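These notes are about the structure you will find just below.
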Amino acid sequence: MRQLAAITAVGGYVPEYVLTNAELETMVDTNDQWIRERTGIAERRILKGGRATSDMAVEAINDLLAKTPYTAEDIELVICATVSPDHVYPATANIISDKIGAKNAWSFDMNAACSGFLYALETGAKFVESGTHKRVLVVGADTMSIRVDYEDRNTCILFGDGAGAVLLEPNSEGFGVIDAAMKVDGSGSQFLLQKAGGSKYPTSLETVRNKEHFIYQDGRTVFKYAVKGMADITCELMERHGLTGEDVDYLVPHQANKRIIDATAKRAGLPDEKVMVNIQRYGNTTCATIPLCLWEWEEQLKRGDNLMLAAFGGGFAWGAIYLKWAYDGKKNS
Ligand code: UT7
């Protein structure tokens with residue numbers, strides 16, 4: 001049997017500070033009812049105290065490692081999916097590796113916006129499947145609060161901070177990442193981006209004054225593409241493997257908008273109880289949404305469960321991963 005990359009442990013972290021819809025009402029012209037009805041979000045977590053993305057990733061990884069027989073020195077590769085790195089360079093993954101003491105690992109970051117975790121998971125899986133690596137950490141971590149203009153009601157209600165991590169190990173019993181379908185359409189980049197701070201619009205007084213270091217999103221257009229893109233790719237991957245809604249145990253969707261999640265679940269023929277949703281508590285944590293779902297649902301998951309992971313985001317970049325879960329219930333720390 002083909003060697004697969006199985007998720008053998010998960011970890012997660014969300015900061016303590018809870019930013020509620022009620023608090024947002026004091027900051028911008030919005031209201032709890034609009035936010036809940038249009039997005040499904042009630043609150044999100046915000047990182048405070050001068051901490052950075054790597055600090056949340058370290059918390060998530062330490063939570064994960066405590067459930068395994070391994071130490072950080074056993075890790076061979078660390079991939080960090082993020083759009084809010086500690087610095088423009090070097091990679092946040094390098095800083096994470098140093099902080100956890102992964103002395104024998106190499107590491108790099110991956111930027112595929114909201115699909116970052118899926119891209120990183122598929123990439124990490126290849127290193128394990130090929131036989132070159134035995135223990136790969138994939139972490140999705142984002143401090144979206146540094147990217148958000150808290151005077152812009154179109155975006156500030158959506159995002160939150162958090163980190164989630166998975167460990168990938170070889171499996172020759174059919175458990176692990178079975179298949180992936182990934183897509184990009186760079187012509188969509190104009191609809192969801194941070195305009196300045198890169199080589200096209202280097203940081204200047206003007207870019208700061210124009211608030212071009214914050215998220216810009218044409219929400220309506222992104223919504224239109226996301227609702228179709230995430231459902232299409234999920235169904236395409238299910239069809240490729242002859243799966244119906246009956247065969248899938250859980251949909252693990254990127255948490256951008258509850259309406260997008262519901263549309264994908266409906267198209268895939270999945271009832272609510274088979275859909276992981278925590279957007280109401282964390283909002284859109286970009287690269288952390290999917291691993292945070294796995295972290296929260298770990299206890300319910302069983303060996304052999306069929307999981308469909310799906311995401312759509314800036315770029316446009318979107319995709320789906322079909323994997324068979326490798327273990328029963330929550331691992332003890
Ligand atoms: O994770 C990366 C991918 N991102 C996504 O998938 C996000 C996709 N987009 C969305 O989720 C939705 O488009 C939003 C939640 C961002 C917006 O919801 P919408 O239903 O598309 O609203 P809209 O932008 O069409 O705005 C409808 C109305 C507008 O007022 P008018 O022009 O009809 O008078 C907005 O100004 O709602 C207004 N509005 C708000 N009202 C209260 C926009 N933001 C708010 C707000 N509170 N926070």
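Note that the structure is predicted; figures quoted are calculated from it, not measured. Atoms within a ligand are numbered from 1 in the order they appear, just like the ligands themselves.
Residues Glu298 and Tyr327 meet the side-chain proximity criterion, which asks for heavy atoms closer than 4.5 Å.
Aromatic pair His254/Phe312: centroids not less than 6.0 angstrom apart.
Electrostatic pairing of Asp98 and Lys103 does not count as a salt bridge here, judged by no charged N lying under 4.0 Å from a carboxylate O.
Of the N and O atoms on the side chains of Arg135 and Asn104, not one donor lies less than 3.5 Å from an acceptor on the other residue. Remark: the Asp142 side chain and the Ser84 side chain contain an N/O donor-acceptor pair separated by less than 3.5 Å.
Listed by chain and residue number, Trp106, His133 satisfy the ring-ring contact (aromatic ring centres under 6.0 Å, His included) test with Phe127 (two or more places apart in sequence, or in another chain).
Using a 4.0 Å heavy-atom criterion, the residues that approach ligand 1 are Asp29, Thr30, Trp34, Arg38, Thr39, Cys114, Arg153, Asn154, Ile157, Leu158, Leu192, Gln217, Gly219, Arg220, Val222, Phe223, Ala226, His254, Ala256, Asn257, Arg259, Ile260, Asn284, Phe312, Gly313.
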